[in-house]
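Below you'll find the structure, written out as structure tokens, and then a few comments.
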Amino acid sequence: MNDIFLKPYNPKETEDKIYKTWEDGGFFNPDKNTNPEAKPFTIIMPPTNANGSLHAGHGLVMTIEDIMVRYKRMQGFKTLWLPGLDHAGFETQVVYEKKLEKEGRTRFDIEPKKLYEEIMDFTLINSSNIKSQIRKIGASCDWSREKFTLDDGIVKIVYKTFKKMFDDGLVYRGNRIVSWCPKHQTSFSDLEIEDEERVDKLYYLKYGPFIISTSRPETKFGDKYVVMHPADKRYSKYTNGQKIDLEWINGPITATVIKDEAIDMEFGTGVMTITPWHDLVDFGIAERHGLEKEQIIDEKGKLLPIAGEFAGQHISKARALIIEKLQTKGLVEKIDENYKHVVRTCYKCRTIIEPQIKNQWFVKMKPLAEKALEKINSNEIRYIPEHYKKITVHWLENIMDWNISRQIVWGIPIPAKICTVCGDGIVDLDNKEIKCKKCGGELRQDTDTFDTWFSSGQWPYASLGFPDSKDFKTFYPTDVMETAGDLVFFWVSRMIMLGLYNTGKIPFKTVYFHGMVLDAKGQKMSKSKGNVIDPMILTEKFGTDAFRIGMVIGNTPGTSLALAEDKIKAYKHFANKIWNIARFVLSNTEQYKGEKPELILGSDKIILDEFQSLIVGVTKDMDNFKFYLAAEKLYGYVWHTFADKIIEESKVKLQDSNASVVTSTQYMLRYILENSLKLLHPFMPFITEEIWSHMPHKETKLLIVTSWPK
RNA sequence: GGGCGAUUAGCUCAGUUGGUUAGAGCGCGUCAUUUACACUGACGAUGCCGAGGGUUCGAAUCCUUCAUCGCCCACCA
């Protein structure tokens with residue numbers, strides 16, 4: 001018997017060694033599979049944010065994807081799992097800004113080029129850390145094809161897409177309302193905004209003959225349009241366009257009556273004034289009626305000269321003073337103290353978003369969404385779990401144009417020139433535009449960067465080398481996209497739209513959403529709560545195999561998962577059990593020569609028939625993406641049938657005086673061990689590979705490329 | 001305001017298309033045993049499957065109403 005089995009299983013001694021054997025042998029590379037008949041199977045790894053360490057969610061991603069990939073590889077597919085790292089634009093910049101803050105610095109004091117270089121260094125350091133952690137989880141991805149979202153080749157593809165969309169009229173530069181965070185000094189797309197319910201005061205103000213209500217009196221300086229519903233009988237004596245002179249915050253003004261159906265007659269008095277520069281609804285009304293728009297608040301949240309005596313004050317301080325002044329002028333009708341409403345905030349810092357009109361780049365989404373809807377509604381893309389399909393359809397049907405300009409340095413620079421006179425933009429990949437085509441004005445380089453999702457939305461084809469590479473032709477469309485449910489709009493839907501736009505094909509056939517990983521009590525993990533579970537500590541403590549199968553069992557797609565240390569510990573016991581099963585079987589079958597004997601009817605025959613149905617059941621679960629079921633079946637079988645019953649009973653049979661009974665039993669034990677190792681391998685790759693290396697009479701030297709049982 | 005999901009053992013959750021006595025892990029109880037494995041084994045307890053109504057020979061599963069919780073979306077100042 002092999003010496004190794006004299007000791008209990010030790011993950012620390014085996015895992016790194018085995019991973020190295022796989023990697024050095026090139027087994028992760030699909031080119032290793034030289035069978036010309038082999039069909040491709042592809043998963044593109046969601047590029048990991050290179051701004052920290054692997055968290056528990058990553059652990060789940062790596063585990064589930066590795067399970068799929070190992071399963072398909074064993075089934076003989078030409079299997080590619082392409083790893084990648086994400087510069088993660090704004091996300092990383094925020095992480096880096098926190099670091100700067102600790103050092104007493106701020107990004108606004110650092111020259112952009114220098115800041116970019118600093119963040120690049122930071123990212124590269126994190127990258128190597130992240131990559132070694134991905135290896136630790138056992139991910140059998142093809143490192144020779146690794147990509148980074150800022151690689152030249154990727155950026156080139158993103159630029160070509162941008163140019164193509166500009167030429168097709170799908171990208172435009174527009175003076176439109178954007179969601180502006182006064183703290184981070186950048187605009188966002190609608191998805192980066194978080195709604196928050198707050199209780200504020202609602203002020204009822206006298207505006208000439210009307211009473212208007214507002215929760216933001218500090219925006220009211222420029223309000224010279226008073227709007228009501230055309231069907232509102234209370235105000236039928238006022239006509240559209242009618243001028244009314246009235247006394248306002250800083251003196252007399254002339255207001256204009258506007259009739260618009262956007263007004264809710266039920267709300268307040270049914271009359272409001274509008275601030276088109278700082279409100280999306282108001283902007284819409286102003287656009288419809290061709291009204292003037294005026295900026296009241298600057299990018300840092302301070303009032304502009306239009307506010308008269310209040311100019312230069314921050315809006316947070318000015319509000320009370322303005323109300324005070326209005327009160328002395330007798331213009332405050334009443335104040336509702338408990339006004340419950342929803343405010344839009346920055347998803348990172350919770351600062352209230354200040355809508356601003358800005359000249360930025362937008363993507364026209366309707367035409368892209370329509371194509372995506374066609375494919376989704378005809379079920380060309382399978383959603384797991386299914387209800388994500390409904391959510392996606394609803395979002396796509398109500399999609400708004402996408403602001404892709406970000407005022408941060410960390411990202412892919414937008415390859416465009418901006419007119420210094422009229423603000424118009426032109427895409428310029430070759431740096432040859434000199435004058436504005438609209439007005440002839442001087443051009444300057446656009447200093448903004450792309451929303452990181454604009455580039456990662458192109459990841460499936462960009463990472464494969466679209467359009468001419470062999471890899472793109474072989475592996476696209478990919479088979480499965482596996483990612484977190486909260487990326488359904490941010491990333492998944494955009495990949496579908498951009499993939500269809502650029503390649504004419506869906507980027508993946510199946511999209512699998514895993515749930516969020518929570519702590520043992522079901523609480524969201526967060527640094528501030530101090531309940532973050534580091535997957536590296538769990539693998540260190542219990543072994544990677546225990547961590548992997550513990551993450552999978554009891555985890556259905558889309559449902560969040562409570563990660564308890566005890567659970568992982570339980571599967572460490574399972575690993576030990578497997579080890580001891582192998583130890584028993586191998587030491588009791590040493591004389592067995594590998595031949596297939598006549599089976600003992602009613603005993604070994606029945607046992608093997610039952611095992612056959614386990615193979616069928618597990619394979620079916622794997623094909624249906626029910627990894628939790630497959631793993632649970634294997635766990636139950638290996639422990640409570642194979643170990644507790646079959647092996648216990650075999651102890652008697654192995655002592656039988658009839659040699660054919662002994663041989664039959666030995667054959668059966670070896671057969672079940674060998675094939676159990678195969679079935680378990682996607683879930684617990686290290687221990688199964690280690691035991692495999694001690695198996696006599698096996699079909700391949702390494703388990704990773706042996707065939708899945710039929 | 002609209003949409004989606006959940007509710008099953010003390011805890012965390014399975015339960016595929018409706019079909020015997022509703023399952024697993026952890027935890028709990030009794031007993032056994034130095035064994036391939038104490039990271040063990042055998043046995044066991046705990047369930048009005050959120051509530052009401054309906055369809056059916058038969059419902060945890062399908063329909064309906066309600067309750068509670070959670071999530072997502074939304075331009076009522």
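This is a predicted model, so every value here is computed, not measured.
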For the side chain of [X], counting heavy atoms from C-beta on, which of [options] is nearest?
X      : options                : value
A:I391 : B:rC73, B:rU16, B:rC4  : B:rC4
A:D644 : B:rA42, B:rA36, B:rC4  : B:rA42
A:W639 : B:rU40, B:rC37, B:rC26 : B:rU40
A:D264 : B:rG5, B:rC75, B:rC76  : B:rC76
A:H573 : B:rG25, B:rC39, B:rA14 : B:rC39
A:L629 : B:rA36, B:rC72, B:rA14 : B:rA14

Answer with base, sugar-phosphate or nothing: what part of the nucleic acid does [X] contact at a heavy-atom distance below 4.0 Å?
X      : result
A:K577 : base
A:T556 : sugar-phosphate
A:A575 : nothing
A:G554 : sugar-phosphate
A:K651 : base
A:F625 : nothing
A:G270 : base
A:I263 : base
A:M400 : sugar-phosphate
A:Y9   : nothing
A:H640 : sugar-phosphate

Sort out the partner of [N] for me: Watson-Crick or G-U wobble, both distances under 3.5 Å, none otherwise.
N      : result
B:rA45 : none
B:rC39 : none
B:rA67 : B:rU7
B:rC13 : B:rG23

Checklist outcome for this item: Here the pair of heavy atoms bringing A:I568 nearest to A:L538 is CG1-CD1, 4.2 Å
Report yes if at least one side-chain N or O of [X] is closer than 4.0 Å to OP1 or OP2 of [N]; otherwise report no.
X      : N      : result
A:H341 : B:rC75 : no
A:Y388 : B:rC72 : no
A:Y339 : B:rA77 : yes
A:R583 : B:rC37 : yes
A:W395 : B:rG3  : no

Using the [atom1] atom as the reference point in each nucleotide, state the distance between [N] and [M] in Å, no decimals.
N      : M      : atom1 : result
B:rG50 : B:rG58 : C1'   : 23 Å
B:rG52 : B:rU12 : P     : 24 Å
B:rU8  : B:rC69 : P     : 15 Å
B:rC76 : B:rG70 : C1'   : 26 Å
B:rU46 : B:rG10 : C1'   : 8 Å
B:rA60 : B:rA9  : P     : 15 Å
B:rU17 : B:rU30 : P     : 42 Å
B:rA74 : B:rG3  : C1'   : 10 Å

Is the shortest side-chain N to carboxylate O distance from [X] to [Y] below 4.0 Å?
X      : Y      : answer
A:D279 : A:R216 : no
A:E194 : A:R350 : yes
A:R234 : A:D232 : yes

d([atom1], [X]; [atom2], [N]) in whole Å:
X      : N      : atom1 : atom2 : answer
A:L518 : B:rC11 : CG    : C1'   : 15 Å
A:H394 : B:rG3  : NE2   : P     : 8 Å
A:M516 : B:rG70 : CE    : P     : 14 Å
A:K572 : B:rC26 : NZ    : C1'   : 17 Å
A:F574 : B:rG25 : CZ    : P     : 12 Å

Is there a donor-acceptor pair under 3.5 Å between the side chain of [X] and the backbone N or O of [Y]?
X      : Y      : value
A:H289 : A:I258 : no
A:D401 : A:M365 : yes
A:T269 : A:I211 : yes

Next on the checklist: Should the side chain of A:E648 and the base of B:rA42 be counted as holding a donor-acceptor pair, with the cut-off at 3.5 Å?
Outcome noted: no
Checklist entry - Got a donor-acceptor pair under 3.5 Å from the side chain of A:K390 to the base of B:rC4? => result no
Item to check | Stacked cation flag A:R176 on A:F362, 6.0 angstrom / 45 deg | outcome: yes
Checklist entry - Hey, do the aromatic rings of A:F642 and A:F611 have their centres closer than 6.0 Å? => result no
Checklist entry - Closer to the 5' end of RNA chain B via nearest nucleotide, is it A:K340 or A:D195? => result A:D195
Item to check | Earlier contact from the 5' end, RNA chain B, for A:E632 and A:L202 | outcome: A:E632
